[in-house]
Protein chains: 2
Amino acid sequence: MTFTIKDVAKLANVSIATVSRIINNQTGYSEKTKKKVLEAIEELGYEPNAVARGLINKRTHTIGVLFPKLSSTLVTDLLSGIEKATHDAGSSVIVCHTESNGEKTMKYLQLLNEKRIDGIIFTSAPLLEEYYQYIKKMNVPMVLLSTETYAHPVPYVKVNDRHAAYTATQFLINKGHEKIGMISGNKDDIISGKPRIDGYISALQDHNLPIDEKKIIYNRGFSFYDGMDSLKTLLKQAPDLTAVFAASDELAIGAISSAYQLGIKVPDELSIIGYDNLSIAEMSVPPLTTVAQPLTEMGEMAANMLFEMLNSDKLIESRIMPHKIVERKSVRDKEV
Amino acid sequence: MTFTIKDVAKLANVSIATVSRIINNQTGYSEKTKKKVLEAIEELGYEPNAVARGLINKRTHTIGVLFPKLSSTLVTDLLSGIEKATHDAGSSVIVCHTESNGEKTMKYLQLLNEKRIDGIIFTSAPLLEEYYQYIKKMNVPMVLLSTETYAHPVPYVKVNDRHAAYTATQFLINKGHEKIGMISGNKDDIISGKPRIDGYISALQDHNLPIDEKKIIYNRGFSFYDGMDSLKTLLKQAPDLTAVFAASDELAIGAISSAYQLGIKVPDELSIIGYDNLSIAEMSVPPLTTVAQPLTEMGEMAANMLFEMLNSDKLIESRIMPHKIVERKSVRDKEV
DNA sequence: TTGTAAGCGTTATCAC
DNA sequence: GTGATAACGCTTACAA
């Protein structure tokens, strides 16, 4: 048996309006009736029905989060931050796994719309026009996480990929390396593919190092296997490399595995730096030096921005989160 | 502007009852009015309000999933399966991150209760009496995932930890190893701590190998760092070990890292087998041989069981999922 | 300080 | 076939 506000009212001998006032911390009742009502609530174990509340308040205290994939520590670190901030704000998060599939994404958006969620965090994937238009019609705030859009005024939180990639490459250069390769993601990926390549190239240019297409491998994704394959190809094309910048930790660890198979010692013969600072980075052998994104904080930030928009509906600024080098053991000084 | 069934009714010149019948695929209207209504729906872009539906139907098509931690591939593989099956069943999942904290867990349960979710999946942690009683009062079905309880009739899905540990140990024995250590989790953990230790001991006994307390390290958790520390201690206590069974992949990979630091070659000088088959297992150097849990399938299974209970409220049987050895490179034959 | 009643957007039970 | 209308459990004017 689950009780309603009516049951409480009856038991406490007051009207439902009074009960409502009390559970919502409003004014307009005596201490005495408050006590009476609270006792009734206690006795029945009454808990208000959030569905009914949502219907009338037009606020479900639930947000939707869209992820292109679920089983990667990258996205779960983000989720972890989102969940924390959301729960602290008294809301819940519904996770949606879109698999980067347009049709699925639209289905999810429709579902979220029917559920009348309060807002949306859209992560790690390009915001297609179709998505944007639909969400605009839904009339709920949205923030982009680990992605951004140039076509529309949607606030986002991410690191500056170009800058972070520049920092990583520069780190290698500062260690004395001059022949530096790159294992990149998809160069047609405007969000996290191209900018990291550009950052790498910029850093080389700024230090008067030659750019050589042979020293760059383009992959379809950012996966471990892409990384394994890439290192082999890369070393075939440019055998004299002393260091490699990989555009993700998975790529980097794939490269380390490859190096191990090829009998190449990391970092003694080849330095490798990654990108992300996932938990696997510290678990690799050798532990991976990488440029860190503050993923959990980014998730929290995105959620907090969403709630800010929800509570004030004023425009909000995007955030470029700081990145930093986490130095472990996969990079060493080039001997001179 | 977001429209209601009333708007549709008005535009189509019918009553809201008729509209309701049509969007719910019931009978009792002509093809002609159906067409008229569908057109009105299309024109307005009407989408039914699931909140209102939930209020009257007493079904929110939302389930809650409780996780002790979020950022580990173990739990996200589970989540991935849960999310898939749930979405396929037309529902959504709310994730709750309890941090194994009793107070937090109760808060979450209360929240889920207020939201009137349809069911609960409780994962990877002991089901305390307090939780059980509360959920029982909520009067929604629950299934346990990667955990179980002896105190109450709650269906669960997990692998047989004792058996899986036995299999892992036996695998080592079959490779010719006789001096086999174990890096275990918490021996007071009745779900995944003790049973794996028992499985290890059983396997040794069944093969007439001596049991030696010095060959077992007990940890508080199952983490990478626990694994690193453990191997050092273990090797101090029992330097003649040729193989180690670690009770989780993280422990195993921590052990591998330690071995690397100590200059011990895996698998040439020391074989290591893990438990879980997380994605990090294939990414380690050398790739980790481990006993696999079908995590994604387990998640799907748990969700499907929940929906079965929801639709028929008959009792349902628990599932012991199959485990299997995934042989990679961290274990080799003992030379004779 | 308290209660009555309308309404949130649906579904379902009646009549017609 | 179709349409009023009463729920569902709550919040919130408006009265008293």
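As a basis for the values below, the full set of heavy atoms in this structure was taken, side chains included, without hydrogen atoms, waters or symmetry mates. Just so it is clear: chains get the letters A, B, ... in the order the sequence lines come, proteins before strands, and each one is counted from 1.
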Roughly, in whole Å, what's the span from [atom1] in [X] to [atom2] in [N]?
| X | N | atom1 | atom2 | answer |
| --- | --- | --- | --- | --- |
| B/Tyr29 | C/dC16 | OH | P | 25 Å |
| A/Ile56 | D/dC10 | CD1 | P | 11 Å |
| A/Lys10 | D/dG9 | NZ | C1' | 14 Å |
| B/Ile5 | C/dC8 | CD1 | P | 14 Å |
| B/Lys6 | D/dG3 | NZ | P | 16 Å |
| A/Asn49 | D/dA7 | CG | P | 18 Å |
| B/Ile22 | C/dT10 | CD1 | C1' | 15 Å |
| B/Arg21 | D/dG1 | CZ | C1' | 8 Å |

Looking only at side-chain N and O atoms, does [X] come under 4.0 Å of OP1 or OP2 in [N]?
| X | N | value |
| --- | --- | --- |
| B/Lys58 | D/dG9 | yes |
| A/Asn24 | D/dT11 | yes |
| B/Arg53 | C/dG9 | no |
| A/Gln26 | D/dT12 | yes |
| A/Thr18 | C/dG3 | yes |
| B/Ser30 | D/dT2 | yes |
| B/Thr33 | D/dT2 | yes |
| A/Ser15 | C/dG3 | yes |

(request) Look at atom CD1 of A/Ile190 and say whether more than 12 heavy atoms of other residues, nucleotides or ligands are closer to it than 6.0 Å. (result)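 Open.
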
(message) Any salt bridge linking B/Glu39 with B/Lys35? Criterion: basic side-chain nitrogen under 4.0 Å from a carboxylate oxygen.
(response)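 Judged by the 4.0 Å cut-off on N to carboxylate O distance, B/Glu39 and B/Lys35 do form a salt bridge.
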
If you check every side-chain atom of [X], which of [options] has the closest atom?
| X | options | value |
| --- | --- | --- |
| A/Ala52 | C/dA12, C/dG3, D/dC10 | D/dC10 |
| A/Ala17 | C/dT4, D/dG3, C/dG9 | C/dT4 |
| A/Ile16 | D/dT11, D/dA13, C/dC8 | D/dT11 |

(request) Sort out for me which residue in A/Leu11, A/Val8, A/Val37 forms a side-chain contact (heavy atoms from CB on, under 4.5 Å) with A/Tyr46. (result)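 Of A/Leu11, A/Val8, A/Val37, side-chain contact (heavy atoms from CB on, under 4.5 Å) with A/Tyr46 is met by A/Val8 alone.
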
(message) Roughly what angle, to 10°, lies between the helix axis at the start of the helix from C/dT1-D/dA16 to C/dC16-D/dG1 and the one at its end, five pairs per end?
(response)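 The end axes of the helix from C/dT1-D/dA16 to C/dC16-D/dG1 are about 50° apart, to the nearest 10°.
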
(message) For A/Thr60 and A/Asp118, which I'm curious about, is there any donor-acceptor pair between the side chains at under 3.5 Å?
(response)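 Looking only at side-chain atoms, A/Asp118 and A/Thr60 do form a donor-acceptor pair, the distance falling under 3.5 Å.
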
(message) Under a 3.5 Å cutoff, is there a donor and acceptor pairing between the side chains of B/Lys115 and A/Ser92?
(response)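 Present: a donor and an acceptor within the cut-off.
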
(request) Apply salt bridge (Lys or Arg N to Asp or Glu O under 4.0 Å) to B/Lys84 and list each qualifying residue two or more places apart in sequence or on a separate chain. (result)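 Salt bridge (Lys or Arg N to Asp or Glu O under 4.0 Å) check on B/Lys84 returns B/Asp88.
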
(message) Checking B/Lys137 now: which residues fulfil salt bridge (Lys or Arg N to Asp or Glu O under 4.0 Å) with it, not counting sequence neighbours?
(response)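 Counting only residues at least two positions away or on another chain, B/Lys137 forms no salt bridge (Lys or Arg N to Asp or Glu O under 4.0 Å).
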
(request) Would you kindly compare B/Ile23 and A/Thr27 by the position of their nearest DNA chain C nucleotide and give the one closer to the 5′ end? (result)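 Checking each residue's closest nucleotide, the 5'-ward one belongs to A/Thr27.
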
(message) When you compare the side chain of B/Leu112 with that of B/Ile94, does any pair of heavy atoms fall below 4.5 Å?
(response)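 SC-SC contact between B/Ile94 and B/Leu112 confirmed.
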
(message) Counting C-beta onward and ignoring hydrogens, is there a side-chain heavy-atom pair between A/Leu109 and A/Cys96 closer than 4.5 Å?
(response)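 The answer is no, as the side chains (C-beta and beyond) never meet within the 4.5 Å cut-off.
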
(request) With DNA chain D as reference, determine whether B/Gly28 or B/Arg116 sits nearer its 5' end, using the nearest nucleotide of each. (result)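 The answer here is B/Gly28.
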
When all nucleic acid strands are considered with a 4.0 Å heavy-atom cut-off, which category describes [X]: base, sugar-phosphate, or nothing?
| X | result |
| --- | --- |
| A/Val51 | nothing |
| A/Tyr46 | sugar-phosphate |
| A/Ser20 | base |

